[in-house]
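Quantities reported herein were computed from a predicted structural model and do not represent experimental measurements.
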Amino acid sequence: MPKISPDLLSVLRCPVTGSTLVQEGEELVSTAAGASGEKLRYAIEDGIPLLLPPELVAAANAAASDQHDGGHGPAATSPAASSPAASGPANAV
């Protein structure tokens, strides 16, 4: 279990309540309850706290899986990628 340093914990805050966070196992937990009356929990992945509000976690996971599934983002359909100028100078002397 990666331990978050006390120095880092001293500056981190819950993005929803603004309260300090404490580490409990593989999660950081807010010291104040959110609107639901429960303390908010944030995962730690590879030693990095993921401080996304709960309503954004699903959206972030969907976006990440879309990238890993070979989703076609803007870069794949960019007009610049298919323009003649993108392949080099056409009138080289």
Student: Within the supplied structure, the quantity of interest is the number of heavy atoms (other residues, nucleotides, ligands) at a distance under 6.0 Å from E55 CD; does it exceed 12?
Tutor: yes
Student: Is a donor on one side and an acceptor on the other found under 3.5 Å between the side chain of S30 and the backbone of L40?
Tutor: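 Confirmed, S30 side chain pairs with L40 backbone.
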Student: Just verifying a value: how many Å separate E24 CD and R41 CZ, rounded to the nearest 0.5 Å?
Tutor: 5.0 Å
Student: Measure the spacing between NZ of K3 and CG of L8 and express it to the nearest 0.5 Å.
Tutor: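 Here the rounded value is 11.5 Å.
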Student: If only atom types and distance count, is the side chain of Q23 paired as donor or acceptor with the main-chain N or O of I4 below 3.5 Å?
Tutor: yes
Student: Which pair of heavy atoms, one from L9 and one from L21, lies closest together, and at what distance?
Tutor: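 In this case the closest contact between L9 and L21 is CD2-O, 3.7 Å.
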Student: Under 4.5 Å between any side-chain heavy atoms of I44 and L28, yes or no?
Tutor: yes
Student: To the nearest 0.5 Å, how far apart are CG in L50 and OH in Y42?
Tutor: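 These two atoms lie 11.5 Å from each other.
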Student: If I compare all heavy atoms of L52 with all of A60, which pair ends up nearest, and what's the gap?
Tutor: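 Closest approach of L52 to A60, heavy atoms only: CD1-CB, 3.5 Å.
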Student: Report the C-alpha distance between L51 and L12 in whole Å, list the side-chain angles of each, state the deciding distance to 0.1 Å, and finish with yes or no for side chain to side chain contact (heavy atoms under 4.5 Å, CB included).
Tutor: CA-CA 9 Å; L51 299 179; L12 291 179; 3.9 Å; yes
Student: Check whether any side-chain N or O of S19 sits under 3.5 Å from a backbone N or O of C14 as a donor-acceptor pair, and report yes or no.
Tutor: no
